[in-house]
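Data block below; observations after.
Within every chain, numbering begins at 1; the chains are lettered A, B, ... in the order of the sequence lines, protein sequences first and strands thereafter. Fair warning: this is a prediction, and the values are worked out from it, not measured in the lab.
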2 protein chains.
Amino acid sequence: MNAETDAPYRALERRAREAGIEGEDWVRFVENTRVRSIPKGALLVSAGEPVNDAWFCSEGLFRLFYPLPDGREYNVAFSTENDYVTSYGAMATGEPSAFSIEALEASTVVEIGRGVLRELMDRSHGWERFVRLAVERLYIRKEERERQLLYLPALERYEAFLRKYPGLDRRIPQYHIASYIGVSPVSLSRLLRSRRGR
Amino acid sequence: MNAETDAPYRALERRAREAGIEGEDWVRFVENTRVRSIPKGALLVSAGEPVNDAWFCSEGLFRLFYPLPDGREYNVAFSTENDYVTSYGAMATGEPSAFSIEALEASTVVEIGRGVLRELMDRSHGWERFVRLAVERLYIRKEERERQLLYLPALERYEAFLRKYPGLDRRIPQYHIASYIGVSPVSLSRLLRSRRGR
DNA sequence: TCCGGGAGTTAACCTAGGTTAATGCGAGAT
DNA sequence: ATCTCGCATTAACCTAGGTTAACTCCCGGA
């Protein structure tokens with residue numbers, strides 16, 4: 001492991017230690033995963049396909065989105081530095097993924113195969129815990145998002161987006177934000193206009 | 001453990017075995033949890049309060065709902081026989097719960113304290129796995145619900161509700177369903193009328 | 001038997017946000 | 001300097017669903 005491939009693992013290693021993973025358990029993880037560069041625009045996951053890996057983003061930016069039959073798309077989440085990037089439900093169940101994952105910037109990820117992950121969880125209490133904590137985190141986010149979608153008006157959903165993803169509004173086009181908060185691009189533009197005028 | 005208190009544990013025990021829990025691990029669980037009867041209308045969890053227990057419903061019916069400042073409410077889920085009943089995010093983080101949980105029928109649950117759960121997870125790889133699987137299940141549901149809220153029209157959300165909770169439409173008033181699928185009671189009534197006319 | 005309350009229905013009206021389409025505008029490529 | 005392309009804005013129109021309020025139905029209790 002050299003300096004270059006080392007960097008993407010750093011944030012992960014910290015989290016692994018918090019879950020009680022060390023020594024042998026960590027080495028086995030490093031030896032069975034790899035760092036990948038994902039070019040801008042590439043799909044990590046395609047809706048309708050099974051998913052065989054999970055990722056951890058060490059650099060870059062992804063969006064998770066549902067493609068609709070009519071060609072439109074709904075963004076449901078973004079993943080940036082030091083965040084998981086995964087169609088977790090699909091990977092856990094073996095079902096085809098309901099959504100796609102696209103790199104919005106050139107990105108660097110750590111990739112782990114479902115088989116490797118399963119084996120780590122089988123052998124090691126620590127890895128089992130690590131995954132439990134990761135899923136917890138994903139779950140809590142969804143709970144929060146559900147609440148926002150249900151009972152915040154569109155403008156407040158926009159403000160919640162700004163708080164949750166600070167700075168992201170300057171990295172992605174506005175229509176991706178509109179899609180994420182569940183309104184049309186024109187409508188978001190209208191909302192922002194009215195917000196500017198108090 | 002006698003026949004009466006035994007019954008509520010049966011479905012749980014099956015799941016525990018699937019996660020590799022047996023012998024000592026299972027006994028410790030049974031000894032540190034209890035069966036409770038919840039009368040119709042009682043709140044297991046109140047929004048704004050911290051949550052110290054999780055439950056498994058062996059009989060009865062619960063709704064999970066967000067109370068709004070203006071007095072209205074949004075249902076986000078129901079739990080029936082052999083299902084978890086929990087404000088999991090709040091219990092995991094220690095934050096106050098964002099939603100309340102109310103028994104819609106007289107119900108029977110198995111109750112486990114957060115400290116007991118934590119200890120089981122610390123001592124036992126199997127219990128760690130059990131919880132991981134439980135959270136996975138909760139997560140996958142939220143993913144699905146998000147998709148439905150986002151891109152199904154109201155009538156199809158109603159039909160999805162019927163599929164997900166078979167028979168429930170005859171156990172609860174229609175306005176609870178309306179709230180769950182995110183429309184007003186009048187609107188749902190309109191939708192159903194138009195559905196009847198093809 | 002009658003009364004009262006909770007639930008569902010229906011109708012009239014209103015509004016947030018969708019749709020379409022035209023216009024504006026900056027940034028890169030030639 | 002100009003052309004183009006992708007994105008944002010604005011305006012005109014439309015519609016799904018919210019709101020309010022009457023009316024109905026049913027069921028349970030006195």
Please enumerate all residues that pass side chain to side chain donor-acceptor pair (under 3.5 Å) together with A:Arg63, with sequence neighbours excluded. A:Glu73, A:Asn75, A:Glu102
Are B:Phe99 and B:Tyr66, when compared by the centres of their aromatic rings, separated by less than 6.0 Å? yes
Salt bridge or not between A:Glu146 and A:Lys142? Use side-chain N to carboxylate O under 4.0 Å. no
Pair listing, ring-ring contact (aromatic ring centres under 6.0 Å, His included) test, anchored in residues 101-150 of chain B, at least two apart: A:His125-B:His125, B:Phe29-B:Trp127, B:Trp127-B:Phe130
How would you give the extent of chain A contacts on DNA chain C, as first and last nucleotide 5' to 3' within a 4.0 Å heavy-atom cut-off? C:dG17 to C:dA21
Taking five pairs at each end of the helix from C:dT1-D:dA30 to C:dT30-D:dA1, what angle separates the two helix axes (nearest 10°)? 30°
Please enumerate all residues that pass side chain to side chain donor-acceptor pair (under 3.5 Å) together with B:Glu22, with sequence neighbours excluded. none
Checking B:Ser124 now: which residues fulfil side chain to side chain donor-acceptor pair (under 3.5 Å) with it, not counting sequence neighbours? B:Asp25
Exceeds 12 heavy-atom contacts within 6.0 angstrom, atom CZ of B:Arg171: yes
Below 3.5 Å, can you tabulate the donor-acceptor pairs from side chains in residues 50-57 of chain A to any protein atom, sequence neighbours excluded?
{"unit_1": "A:Asn52", "atom_1": "OD1", "unit_2": "A:Arg114", "atom_2": "NH1", "d": "3.2"}
{"unit_1": "A:Trp55", "atom_1": "NE1", "unit_2": "A:Glu111", "atom_2": "OE1", "d": "2.9"}

With sugar-phosphate meaning primed atoms plus P, OP1 and OP2, does B:Ser187 contact a base, only sugar-phosphate, or nothing at under 4.0 Å between heavy atoms? sugar-phosphate
Which residues in residues 153-177 of chain A have a heavy atom closer than 4.0 Å to any atom of DNA chain D? A:Pro173, A:Gln174, A:Tyr175
With sequence neighbours left out, which residue pairs that include part of residues 37-49 of chain A fulfil the side-chain hydrogen bond (donor to acceptor under 3.5 Å, both in side chains) condition? none
Sequence neighbours excluded and cut-off under 3.5 Å, please list the side-chain donor-acceptor pairs for residues 88-95 of chain A, or say none.
{"unit_1": "A:Tyr88", "atom_1": "OH", "unit_2": "B:Glu136", "atom_2": "OE2", "d": "2.7"}
{"unit_1": "A:Thr93", "atom_1": "OG1", "unit_2": "A:Gly89", "atom_2": "O", "d": "2.9"}
{"unit_1": "A:Thr93", "atom_1": "OG1", "unit_2": "A:Glu95", "atom_2": "N", "d": "3.1"}

CD of B:Glu59: more than 12 outside heavy atoms within 6.0 angstrom? no
Using the test side chain to side chain donor-acceptor pair (under 3.5 Å), find all partners of A:Asn82 that sit at least two apart in sequence or belong to another chain. none
Atom pairs, N/O to N/O, protein against nucleotides 27-29 of chain D, distance under 3.5 Å?
none

